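Reviewing the structure listed below.
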Protein chains: 2
Amino acid sequence: MTARPTLEKVAERAGVSRATVSRVVNGSAHVTPEIRAAVLRAVEELGYVPNLAARSLATRRADSVALVFSEPPTRVFSDDPMFPSLIRGVSRETEAADKHLVLMLAGSPRGQERVERYATAGHLDGVIVASMHGADPLPAVLARRGVPVVCSGRSLTAGARGAPPCVDVENVRGAERAVEHLVTAGRRRIATIAGPQDMVAGIDRLTGYRNVLRGSDRRSIVAVGDFTRESGIAAMRQLLRDDPGLDAVFAASDMMALGALQVLRQAGRRVPHDVAVVGFDDVPAASYAEPPLTTVRQPLHRMGRELARLVLTLASGQDPGAPVILPTELVVRDSA
Amino acid sequence: MTARPTLEKVAERAGVSRATVSRVVNGSAHVTPEIRAAVLRAVEELGYVPNLAARSLATRRADSVALVFSEPPTRVFSDDPMFPSLIRGVSRETEAADKHLVLMLAGSPRGQERVERYATAGHLDGVIVASMHGADPLPAVLARRGVPVVCSGRSLTAGARGAPPCVDVENVRGAERAVEHLVTAGRRRIATIAGPQDMVAGIDRLTGYRNVLRGSDRRSIVAVGDFTRESGIAAMRQLLRDDPGLDAVFAASDMMALGALQVLRQAGRRVPHDVAVVGFDDVPAASYAEPPLTTVRQPLHRMGRELARLVLTLASGQDPGAPVILPTELVVRDSA
DNA sequence: ATGCTGTCTGAGAGCGCTCTCTGCCGTTCG
DNA sequence: CGAACGGCAGAGAGCGCTCTCAGACAGCAT
């Protein structure tokens with residue numbers, strides 16, 4: 001049962017040498033058609049499947065990449081509805097390249113160390129770090145160890161020489177579009193629920209908001225959240241206290257926007273009549289919120305794909321090229 | 001940089017043999033304290049990390065398990081908010097056991113084959129198949145190949161000898177609780193949006209509904225969906241047509257319940273005043289629906305953990321024991 | 001002293017694969 | 001017609017680790 005046939009067996013059966021079988025199996029060059037056919041037949045008959053560990057040992061490649069979530073796992077995997085799409089995108093590319101995808105949750109220091117060890121152990125051709133936190137030390141640590149690393153979201157320390165390549169979205173532009181939409185609709189007192197200011201996405205989206213307001217004659221009204229729904233609730237309450245007359249809110253994440261929606265409803269404000277709300281991310285729940293949420297879409301799936309592509313090129317020793325910046329898109333629904 | 005130190009180097013440095021270093025590294029038995037210390041020092045100084053491929057080749061273990069989603073990936077990973085929790089649960093156990101988690105999406109035939117090959121290639125100690133579809137051939141195929149497999153959700157063909165062990169939840173009981181809650185509240189015309197009848201969860205939850213109605217003097221009103229929100233919308237419309245006088249709905253999934261909520265709102269029915277709604281799953285969005293959804297909670301995280309535990313015991317050659325059936329719990333919020 | 005047990009270490013044979021190197025052949029060129 | 005060439009198969013040396021086996025040596029009883 002567990003006695004899988006080896007190259008040796010196949011070679012014997014096909015009446016050739018191990019090396020030849022290896023050539024055929026790896027689809028490589030110059031093998032006479034008849035011999036190739038004989039080998040393939042033997043492979044078929046024996047149900048031969050190469051032992052990956054042995055191959056990996058001999059080639060010093062691993063044929064797999066890791067996707068690590070470098071956040072406290074609770075947060076990432078329950079509250080944040082964006083990761084599934086990202087995973088799917090990554091998975092799609094890795095499968096196309098016939099690589100395997102190892103998932104690692106590295107929220108704790110122990111987790112970090114695990115990732116480090118695993119990568120160092122040569123079981124990984126590359127690592128994708130999906131941590132939105134700019135100050136995360138993991139990418140740098142891995143890079144220093146010689147492991148190909150790419151990041152989702154521009155690192156806070158980007159620009160520094162040797163910073164890992166990354167895939168990011170047009171956060172500033174997206175936020176600008178959202179706020180412009182509000183301005184165009186004639187909203188006068190446009191507040192924002194900003195994201196955490198230690199994350200690039202948080203910073204950039206606030207910048208976008210400020211850019212537009214500066215260009216119009218409106219003043220900014222800011223509360224800061226951490227992208228979660230709970231923080232959105234708290235921030236919205238704060239905003240209502242600070243400026244009861246506000247007529248629009250741009251939330252830097254959909255989850256915060258959803259929280260805001262709830263608070264507004266409880267406060268008796270009609271959305272969008274009294275207060276317009278725009279979110280950011282376009283998570284699935286945005287489309288079936290009440291009212292459906294106008295938001296800025298991030299191409300998560302595509303990000304995942306690019307991330308995978310990037311790490312794969314990097315792993316193959318090629319130049320990853322310039323950072324990939326993906327476009328965002330305003331999706332207008334009913335909330336604004 | 002890439003020249004990682006080998007056991008050999010460490011042995012040399014510590015002035016012992018390879019075997020001894022191996023013993024120390026693997027924490028195994030009888031090694032004199034001084035020698036152990038010397039080895040550890042050498043390991044430290046050289047920054048030694050064992051090469052997993054080599055170990056795997058020598059031990060014929062892989063130290064990793066796969067979590068495979070055997071559904072068309074689009075559906076699983078965008079619409080279904082339950083998988084993240086499951087993943088987290090699995091991940092937690094595998095990390096605790098110092099195993100690695102490989103994620104595979106096997107929606108397509110090609111994907112299935114990949115999983116099969118990979119498992120057969122000896123790169124996996126075990127496989128967790130998270131397919132809710134009862135008729136999925138993958139578990140059986142793998143089992144026949146001698147790969148330890150566990151399933152989430154009782155297989156439709158369960159009971160058959162040699163069926164892989166599984167982790168399931170009390171679907172029938174959960175559904176009963178939900179409907180009992182509705183009956184107790186004095187609802188007279190209780191409809192259900194059932195799940196797909198080729199999945200155990202779909203079947204069992206409908207059974208639970210029927211059990212309770214049979215016990216009271218109410219007749220059943222059934223529409224069938226496929227657990228998605230869209231299908232919930234369609235089913236709710238159907239139900240409203242079939243019996244405009246209904247005063248309660250039990251949906252076999254939260255996503256369908258969310259869809260139903262939307263339809264009811266559009267139809268001008270107040271929830272829970274005119275129509276009470278109960279869902280199933282307790283996805284994150286349930287708690288912030290409008291109104292917050294009363295639902296039956298599945299212990300997803302725990303399911304993940306149990307799944308991992310099960311596959312790990314199975315992989316270690318031990319008896320997995322009886323199928324694990326996890327309890328469900330009625331979470332009463334505002335919608336019923 | 002001798003033999004015995006028992007603990008600890010080293011030697012060495014793999015695990016299954018890849019890949020370089022060498023040798024063989026048939027072809028083409030000087 | 002012999003030499004040089006080029007395509008193709010085989011031999012064999014690892015890749016880095018584990019693990020069995022046997023040897024060395026200490027401690028104890030005889």
Side-chain angles (χ1 to χ4, degrees), chain A residues 2-40 42-43 46-64 98 117-125, chain B residues 2-40 42-43 46-64 98 117-125:
Chain A
T2 340
R4 317 240 100 271
T6 68
L7 254 202
E8 192 81 51
K9 296 284 177 201
V10 178
E12 191 180 315
R13 176 141 193 155
V16 298
S17 75
R18 239 172 30 242
T20 302
V21 179
S22 177
R23 284 184 193 105
V24 172
V25 170
N26 293 305
S28 103
H30 323 288
V31 180
T32 329
E34 300 95 69
I35 294 203
R36 149 167 284 122
V39 170
L40 288 178
V43 165
L46 263 32
Y48 170 74
V49 175
N51 178 314
L52 264 18
R55 172 179 292 173
S56 174
L57 180 58
T59 57
R60 321 173 123 281
R61 280 181 295 103
D63 289 330
S64 60
D98 212 40
R117 286 181 60 88
Y118 195 52
T120 316
H123 231 16
L124 252 24
D125 291 331
Chain B
T2 342
R4 317 239 102 271
T6 69
L7 253 201
E8 192 80 52
K9 296 284 177 205
V10 177
E12 191 180 315
R13 174 138 193 158
V16 298
S17 76
R18 238 170 34 242
T20 302
V21 178
S22 178
R23 284 185 192 104
V24 172
V25 169
N26 292 307
S28 103
H30 321 288
V31 179
T32 332
E34 301 95 67
I35 295 203
R36 149 167 282 122
V39 170
L40 289 178
V43 165
L46 263 32
Y48 171 76
V49 175
N51 179 315
L52 264 19
R55 172 179 292 172
S56 175
L57 180 58
T59 56
R60 322 173 122 280
R61 281 181 296 104
D63 290 331
S64 59
D98 211 39
R117 288 180 58 86
Y118 194 51
T120 315
H123 232 16
L124 253 26
D125 291 331

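Sequence lines set the chain letters: A, B, ... in the order given, protein chains first and strands last, and positions in each chain run from 1. Quick caveat, the model's predicted, so the values are computed rather than measured. Hydrogens, waters and symmetry mates are skipped; everything else that's a heavy atom, side chains included, is used.
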| remark: Heavy-atom nearest pair, B/Val10 first then B/Val39, reads CG1-O, 4.3 Å
| query | Looking at B/Leu46 and B/Arg13, what are the two nearest heavy atoms and their distance? | reply | CD1-NH1, 3.3 Å
Side chains of [X] and [Y]: does their closest heavy-atom pair fall under 4.5 Å?
X	Y	value
A/Ser64	A/Leu124	yes
B/Val16	B/Ile35	yes
B/Arg55	B/Val25	yes

| Distance in angstrom units between A/Leu57 CG and D/dC15 P, rounded | 9 Å
| remark: To the nearest angstrom, the CZ-P distance between B/Arg36 and C/dT7 comes to 16 Å
| task | If a protein heavy atom is under 4.0 Å from the base, mark B; if only from the sugar-phosphate, S; if neither, -; do that for nucleotides 17-28 of chain C going 5' to 3'. | result | BBBB--------
| query | Is there a side-chain polar atom (N or O) of A/Ser56 under 4.0 Å from OP1 or OP2 of D/dC15? | reply | no
| task | Check the pair A/Thr6, A/Lys9 against side chain to side chain contact (heavy atoms under 4.5 Å, CB included), reporting the backbone distance first and the verdict last. | result | CA-CA 5 Å; A/Thr6 68; A/Lys9 296 284 177 201; 3.8 Å; yes
| Minimum-distance nucleotide to B/Thr20 side chain [options: C/dT9, D/dG10, D/dA9] | C/dT9
